[in-house]
There are 2 protein chains.
Amino acid sequence: MSFPSEYTRPAVTVDCVVFGYAVGKQLKVLLIERLNEPYAGRWALPGGFVEENEPLETAALRELKEETRVQNIFVEQLYTFGSPNRDPRGRVITIAYYALVNLEEHPVHAGTDAKHARWFPVDELPLLAFDHQLILEAALNRLRAKIRYQPIGFELLPEEFTLTQLQELYEAILGVRQALNKRNFRSRILKMGVLKEVGIQEHVAHRPARLYRFDSEIYHEMQESKSKELIRRGIDFEI
Amino acid sequence: MSFPSEYTRPAVTVDCVVFGYAVGKQLKVLLIERLNEPYAGRWALPGGFVEENEPLETAALRELKEETRVQNIFVEQLYTFGSPNRDPRGRVITIAYYALVNLEEHPVHAGTDAKHARWFPVDELPLLAFDHQLILEAALNRLRAKIRYQPIGFELLPEEFTLTQLQELYEAILGVRQALNKRNFRSRILKMGVLKEVGIQEHVAHRPARLYRFDSEIYHEMQESKSKELIRRGIDFEI
DNA sequence: GCAAAAGTGTTACTTTTACACCCATGC
DNA sequence: GCATGGGTGTAAAAGTAACACTTTTGC
C-alpha cells in the first residue's frame with residue numbers, strides 16, 4: 001500500500017446533473033450531445049476532468065459555468081461512480097454533482113461552449129452515454145427524497161412566488177398531478193413559518209395571489225430549536 | 001478537455017469509518033495508528049489506495065477485511081473528499097465509506113495487519129491525521145440522520161435483541177440519555193410491524209425480555225405500500 | 001357578468017404525548 | 001422477599017385529512 005506509481009492511477013472527472021425549472025413547466029435536465037468517440041452522437045451529462053489543484057466542487061462549478069454560463073446556483077455532491085468499465089477509454093472515476101436552476105431568473109442558453117445542448121423533460125430522456133442514465137436516476141431520487149425534508153425546492157423558483165407555484169413545483173418534481181389538496185398544502189407550508197409575505201401579483205386576469213419569499217434565517221433558527229426539541233422530548237423516527 | 005495525460009492524475013484512495021457497537025456500551029470507531037510519515041504516530045481511519053480495475057466498494061471492503069477480518073457487514077458510500085491539500089504527498093482524492101459492525105457477533109480483533117489499531121468511543125477521539133476528523137464527523141452525522149428513517153440500526157445489534165437494547169442503541173448513536181419514554185418507544189417501534197418476535201431471554205436476574213429480529217422482507221413490502229400511499233393521498237414533507 | 005385562479009372554516013378522525021403502576025425472574 | 005429490568009392502559013392534546021364554498025381580479 002505504498003504511494004501508487006503514476007501509471008496505475010485512474011482518471012478523475014466530475015459530472016453534473018443540472019435540473020432546470022420554470023413556473024408551470026415540467027422539470028428538465030440539461031444534456032450535451034457528444035461529438036467525439038466514445039458514444040459520439042449520444043447525449044451525456046455535462047462534465048469533464050478535474051484539473052490539478054482544483055477542488056472537486058470548483059471543478060463542478062467550472063464545468064457548469066462553461067456549459068450554461070450560470071453562476072451562484074445550488075450545487076451539491078451526489079455520489080461517486082467508479083466501476084472499472086464505465087468508460088471504454090480506461091479507468092475513470094467520476095464524482096457526480098447535481099445543481100438546481102430557475103430557468104426564468106437564469107435563462108440558460110443551453111449550447112454555449114460550441115456544443116449541442118438541450119433541456120429534456122425528466123420523463124422524456126434520450127439514450128445516454130456511459131452510465132449517465134444511472135447517475136441521472138440517482139440524482140432524481142436524491143432530489144425527490146430531499147425536497148421532502150429540506151428547503152431546496154426554493155432554488156428552482158423565482159425569489160418571489162405564489163403558493164400555487166410552490167405546489168406545482170412539488171408536483172413537477174415528484175412526478176404527480178394534483179397530489180396534494182390545495183387547502184392542506186397551504187395550511188401546512190404556512191404553519192411552518194418559513195415563508196415571508198412580500199406583496200401581491202399584478203395584472204393577472206383573476207384574483208391576484210400573494211407573493212412569498214423563503215426566509216432562510218427563520219429556517220435556520222427553526223432547525224436549531226427543532227433539534228433541541230427532539231432531544232428534549234425524545235427521538236422521533238419513521239423507518 | 002482531452003483525456004488527461006497520466007502525470008496530471010490524482011491518486012485515489014478509499015477510507016472507512018467503521019462504527020462498532022456492543023449492547024450496553026458506547027458507540028465506537030476503529031482507528032489505526034500511523035507508523036510512517038506523513039502524520040506518523042497519529043491515529044487515522046483505515047483505508048488505502050484503490051487498485052487497478054477494482055470497484056470502489058470492493059476496495060473499501062478489502063481494506064475493511066485487511067484491518068478487521070470482518071466480512072458481510074453493512075457498508076455504504078459516504079462522501080468524496082478532494083481538497084487539493086488534504087495530503088502533503090500530493091493530490092489525493094478519497095472516497096469515504098462507513099460501515100456498521102456488531103462487536104459481539106463479529107469480535108473484531110483490532111490490530112490485525114501488523115498495525116496498532118483501537119476502538120475509540122465517538123466522544124473521546126484522539127487527534128486525527130489528514131482531514132479524517134472531518135470525514136468522521138460527516139459519517140457520524142450521516143449515521144445519526146439515517147437511523148431516524150432507515151433500519152440501519154439493526155446492523156449494530158445481534159440478530160436477536162430486546163426492545164430495551166434497541167432503545168439503548170438509539171440513545172448511544174444519538175448521544176442522548178433516556179431520550180425516549182420507554183412506553184412510547186415500544187408502541188412506536190412495534191406498531192411499525194417490522195420486528196418479529198422470536199423467543200425470550202433466559203437466565204437473567206429479572207423478568208426475561210422478549211427477543212426480536214428485524215424482518216427485512218416486511219420492511220421492503222412496507223416501503224412499497226408506503227410510497228404508493230404517499231402518492232395516493234398527497235405529499236408529506238417537513239422541511 | 002363571467003372566466004379564472006386565490007383563498008378560507010370546520011368537522012371527524014388519527015396520532016402522539018405523558019402519565020404510574022404491575023409482572024416475572026434469579027439470588 | 002427484594003432487586004432488577006420487562007411490560008402495559010389510558011386520557012388529554014395535538015395534528016391531519018377531507019370536505020365545498022366565497023373572493024377578487026381582468027376583460
Side-chain angles (χ1 to χ4, degrees), chain A residues 23-25 148-149 157 160-171 176-193 195-213 222 225-226 228-239, chain B residues 23-25 148-149 157 160-172 176-193 195 197-213 222 225-226 228-239:
Chain A
V23 165
K25 301 279 172 53
R148 292 177 189 273
Y149 63 91
L157 287 176
E160 303 188 350
F161 50 85
T162 70
L163 293 182
T164 300
Q165 290 168 352
L166 183 60
Q167 183 171 351
E168 283 170 356
L169 168 68
Y170 271 75
E171 292 171 354
V176 291
R177 279 290 112 204
Q178 262 132 53
L180 197 54
N181 179 295
K182 181 172 66 166
R183 184 70 189 85
N184 295 341
F185 181 87
R186 279 158 189 256
S187 341
R188 193 158 190 168
I189 203 107
L190 288 177
K191 182 161 50 66
M192 292 179 193
L195 296 188
K196 206 165 50 187
E197 200 181 324
V198 289
I200 61 165
Q201 276 185 328
E202 285 176 2
H203 312 301
V204 285
H206 54 76
R207 176 171 174 177
R210 296 181 189 165
L211 294 169
Y212 294 88
R213 186 187 286 267
M222 259 186 43
S225 60
K226 204 162 154 184
K228 277 182 204 153
E229 179 67 9
L230 274 181
I231 287 170
R232 187 192 64 70
R233 73 131 198 276
I235 304 145
D236 92 298
F237 53 90
E238 44 147 341
I239 57 172
Chain B
V23 165
K25 302 280 172 53
R148 291 175 189 274
Y149 63 91
L157 287 176
E160 303 188 350
F161 49 86
T162 69
L163 293 183
T164 300
Q165 289 168 351
L166 183 60
Q167 183 171 351
E168 283 171 356
L169 169 68
Y170 271 75
E171 293 171 353
V176 292
R177 278 290 112 200
Q178 262 131 55
L180 196 55
N181 179 294
K182 181 173 65 168
R183 183 69 189 87
N184 295 341
F185 181 87
R186 278 157 189 257
S187 338
R188 193 159 189 165
I189 203 108
L190 288 177
K191 183 161 49 67
M192 291 178 196
L195 296 188
E197 200 180 324
V198 290
I200 61 166
Q201 277 184 328
E202 284 176 4
H203 310 303
V204 285
H206 53 77
R207 174 171 176 178
R210 298 181 187 163
L211 294 170
Y212 295 88
R213 186 187 287 267
M222 259 185 43
S225 60
K226 205 162 154 184
K228 277 182 204 150
E229 179 66 10
L230 275 181
I231 288 169
R232 187 191 64 70
R233 73 129 199 277
I235 305 146
D236 91 300
F237 53 89
E238 44 147 342
I239 56 172

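A note on names: the letters A, B, ... follow the listed sequences, proteins ahead of strands, and every chain is numbered from 1.
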The side-chain contact (heavy atoms from CB on, under 4.5 Å) partner of A/Leu211 among A/Thr162, A/Leu163, A/Ile200, A/Leu195 is A/Thr162

Find the distance A/Ile200:CD1 to C/dG7:P and express it as a whole number of Å.
9 Å

Could you give the CZ-to-P distance, from B/Phe185 to C/dC19, as a whole number of Å?
19 Å

OP1 or OP2 of C/dA5 sitting under 4.0 Å from any side-chain N/O of A/Thr164?
no

Atom CG of A/Leu211 and atom P of C/dG7: how far apart are they, to the nearest Å?
9 Å

Side-chain donor or acceptor of A/Arg183 under 3.5 Å from a matching atom on the base of C/dG9?
yes

When rounded to whole Å, the CG to P distance for the pair A/Asn181 and C/dG7 reads 15 Å

Fit a plane to each ring of B/Tyr170 and B/Phe185, take the angle between them on a 0 to 90° scale, and name the class: parallel (under 30°), tilted (30 to 60°) or perpendicular (over 60°).
perpendicular

CD on A/Glu197 to CG on A/Leu190, rounded to 0.5 Å
8.5 Å

Would A/Arg186 and A/Thr164 count as a side-chain contact (heavy atoms from CB on, under 4.5 Å) here? Give the steps.
CA-CA 9 Å; A/Arg186 279 158 189 256; A/Thr164 300; 3.0 Å; yes

If you assign each of A/Arg210 and B/Pro208 to its closest nucleotide in DNA chain C, which residue comes earlier from the 5' end?
A/Arg210

Which of these nucleotides, D/dT23, C/dT16, C/dC23, is closest to any side-chain atom of B/Arg207?
C/dC23

Mind checking if A/Ser187 touches a base, just sugar-phosphate, or nothing, with heavy atoms under 4.0 Å?
nothing

Roughly how many Å is it from NZ in A/Lys191 to C1' in D/dG15, rounded to a whole number?
7 Å

How long is the line joining NE2 of B/His203 and C1' of D/dG6, in whole Å?
18 Å

Rounded distance [0.5 Å steps], NZ in A/Lys25 versus CD in A/Glu168:
11.5 Å

Residue whose closest nucleotide on DNA chain D lies nearer the 5' end, B/Gln165 versus B/Asn184
B/Gln165

Expressed as a whole number of angstroms, how long is the span from A/His206:NE2 to D/dT23:P?
18 Å

Write down the distance between NZ (B/Lys182) and P (C/dT16), rounded to a whole number of angstrom.
21 Å

